[in-house]
K.L.:
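Take this structure, written in structure tokens, and hold onto it; I'll ask about it next.
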Amino acid sequence: MSSLMFYSLAFFLCSCFTLSNGASDPKSIYKSFLQCLPAQSSKPDPSISAIVYSSVANSSSYTAVLQAYIKNRRLNTTSTPKPAIIITPTKVSHVQAAVLCARKLGVQIKIRSGGHDYEGISYISSEKNFVVLDMFNFRTVDVNIANETAVVAAGAQLGELYYRIWEKSKVHGFPAGVCPTVGVGGHLSGGGYGTMLRKYGLSVDHVIDAKLVDVKGRILDRKSMGEDLFWAVRGGGGASFGVILSYTVKLVPVPATNTVFRILRTVAENATDLVYKWQKVVPAMSNNLFIRVLLQPVTVNKQKTARATFIAHFLGDSATLMSEINKIFPELGVKKEDCIEVSWIQSVLYWANFDYNTTAVEILLNRHSDNVNFLKRKSDYVQTPIPKSGLTSIFNKLVELGKIGLVFNSYGGRMNEVPADATPFPHRAGNLFKIQYSVNWNEGDPKLEKTYMNQSRVLYKFMTEYVSKNPRGAFLNYRDLDIGVMKGTGKSGYNSGKVYGEKYFMGNFDRLVKVKTAVDPGNFFRNEQSIPVLPEGKSRKMTTLN
């Protein structure tokens, strides 16, 4: 059963026009929206009824649409809360009408752009009545190489963005995630990063404009929304503030030749010393180099052990990379034959675990190219090197637990240069690397789910002494309901929101609350970990934006 079932949240509904208790079943909500949506359109639109799916009116289509973008099978069970309806807009006026009708009818609206949110809060809810606004039809990508920009709709996926850039230029790219099926709307609004993190920083560092529909149904761009709201939707989570329609991003130059490698070492092959040295190497690495380290329990010759996998992306040729590695990290033992020279788009395929030699680039246009399984994720930041004794303990703990692994993502470079308050994403200078706790499984067994979920929590607790503190940081795009959920309204909602909010946003949390209270004082755009509003008695004069 979904973890969201365990939370009973009561939210303030901003509209005085709400469904009565007797009219809040899915059938009534479906009928109410079919009546309301055309009324909110400036001219007759016969297409509106075709974009609304209901479990009671067109159940097979509803189920297909709902499940199409669920990327975590843990959140796709018979007991998982389901939306009363799903609205799949094909034009901006549909989005505006959906927002206005949800307000009028007093129904919570969840916004889904890709479905990769690890806790599924874009398509499930702890509230009884909710609807899903699924943006998958908004997936145009308009690339302009002359001014090195792209306008990318919120429902487009990263693979589509990469492909459209590659179509126009072989020496341009965009610094975003390695999974091609991630939706742009959520990825960019939550921060977004990839293998060019140390060279170019976060995805949001390259967003130069945005369009959204606000709580009043208005279409706003950077100029009309103002710099405070524009700041908030570049890392603060767009779904707290409105419905993101598109982002305008600045492309970055990439070399014609890139180099990748993958080196595997078990504990018996000196993995502990190598991971320790990697921590020392990260600050000294060229900004062109990114090395991810995977720590996993494995079985070798029927013996349980642990392994470290070093995966690199270098913006340059193999000779330059070898010179760099031999200078700063000769212990890793990288050989010329380990280095693979690729184009930037081939590096995208490589990091997405496709065979870059035999896989057509068009795979990036396949919106369902990923394997969907059960999963749980958590996150941490490391600011001082973990000692060898600590790494030994971590490897031993991984073997003991047996399934869960850790992903270390190297920081530094450009991340040290961007101020912590430049965007809502605060985890910049001072961090050596980010940790993702990762456990996947394929069997739909509740006992296994309980075991693996527990492994994630046990390991998270075990890692406490090695990671950031006061507050212990977390990454919004690695959504984790274990670190807190919004409970109630008013002071209770604010205080519970502050618990997870300061972990995700640290010193930027208060500014996000200020923006939220100014643009959505009724907390219409809300979810289990959204930005709370200031309670009535807590200096609401703060909401006058600069």
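Just so it is clear, the values below take in all heavy atoms, side chains as well, and ignore hydrogens, waters and symmetry mates.
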K.L.:
Listing request: all disulfide (SG to SG under 2.5 Å) pairs with a residue in residues 423-493, at least two apart in sequence or in separate chains.
P.N.:
none

K.L.:
Verify whether one side chain among Asn373 and Arg73 offers a donor that lies under 3.5 Å from an acceptor in the other.
P.N.:
no

K.L.:
Are the side chains of Val513 and Lys498 in touch, meaning some heavy atoms are under 4.5 Å apart?
P.N.:
no

K.L.:
Atom CZ of Arg234 and atom CG of Asp209: how far apart are they, to the nearest 0.5 Å?
P.N.:
10.0 Å

K.L.:
Under the side-chain contact (heavy atoms from CB on, under 4.5 Å) rule, what do Leu105 and Ile29 come out as? Steps first, then yes or no, please.
P.N.:
CA-CA 8 Å; Leu105 298 170; Ile29 292 174; 5.9 Å; no

K.L.:
Evaluate the side-chain proximity of Gln529 to Asp117: yes if any heavy-atom separation is below 4.5 Å, no if none is.
P.N.:
no

K.L.:
Are the side chains of Leu202 and Arg428 in touch, meaning some heavy atoms are under 4.5 Å apart?
P.N.:
yes

K.L.:
Check the orientation of Phe425 and Tyr381. Use parallel for under 30°, tilted for 30 to 60°, and perpendicular for over 60°.
P.N.:
perpendicular

K.L.:
Between Val95 and Leu133, does the side-chain contact (heavy atoms from CB on, under 4.5 Å) criterion hold? Intermediate values first, please.
P.N.:
CA-CA 8 Å; Val95 177; Leu133 183 65; 4.1 Å; yes

K.L.:
Inspect the contact between Arg198 and Glu417 and indicate whether a charged nitrogen and a carboxylate oxygen are less than 4.0 angstrom apart.
P.N.:
no

K.L.:
Looking only at the side chains, is there a donor atom on one of Ser224 and Asp221 sitting less than 3.5 Å from an acceptor on the other?
P.N.:
yes

K.L.:
How about Asp370 and His116: do any of their side-chain heavy atoms sit closer than 4.5 Å?
P.N.:
yes

K.L.:
Using a 4.5 Å cut-off on heavy atoms from C-beta on, say whether the side chain of Phe136 contacts that of Arg112.
P.N.:
no

K.L.:
Would you tell me whether Tyr437 and Asp380 have side-chain atoms, one donor and one acceptor, within less than 3.5 Å of each other?
P.N.:
yes

K.L.:
Do Pro426 and Phe509 have side chains that approach each other closer than 4.5 Å (heavy atoms only, starting at C-beta)?
P.N.:
no

K.L.:
Does Tyr200 form a ring pair (Phe, Tyr, Trp, His ring centres under 6.0 Å) with Phe174? I'd like the steps, not just the answer.
P.N.:
CA-CA 9 Å; Tyr200 293 118; Phe174 187 71; 9.7 Å; no

K.L.:
Should Lys376 and Asp480 count as an ion pair when the cut-off is N to O under 4.0 Å?
P.N.:
yes

K.L.:
Hey, which of Phe433, Phe290, Tyr466 is the one that makes ring-ring contact (aromatic ring centres under 6.0 Å, His included) with Phe408?
P.N.:
Phe433

K.L.:
Check whether any side-chain heavy atom of Phe130 lies under 4.5 Å from a side-chain heavy atom of Pro83, and answer yes or no.
P.N.:
yes

K.L.:
Going through the checks in order, is the side-chain contact (heavy atoms from CB on, under 4.5 Å) test met by Val65 and Thr88?
P.N.:
CA-CA 9 Å; Val65 171; Thr88 60; 3.9 Å; yes

K.L.:
What's the separation between atom CD in Glu536 and atom OG1 in Thr489, rounded to the nearest 0.5 Å?
P.N.:
10.0 Å

K.L.:
Between CG of Leu245 and CG of Leu212, what distance do you get to the nearest 0.5 Å?
P.N.:
7.0 Å

K.L.:
Let me see the working for Met453 and Arg457 under side-chain contact (heavy atoms from CB on, under 4.5 Å), right down to the final yes or no.
P.N.:
CA-CA 7 Å; Met453 294 289 284; Arg457 290 159 185 156; 3.5 Å; yes

K.L.:
Do Tyr193 and Phe475 have side chains that get closer than 4.5 Å, going by heavy atoms?
P.N.:
yes

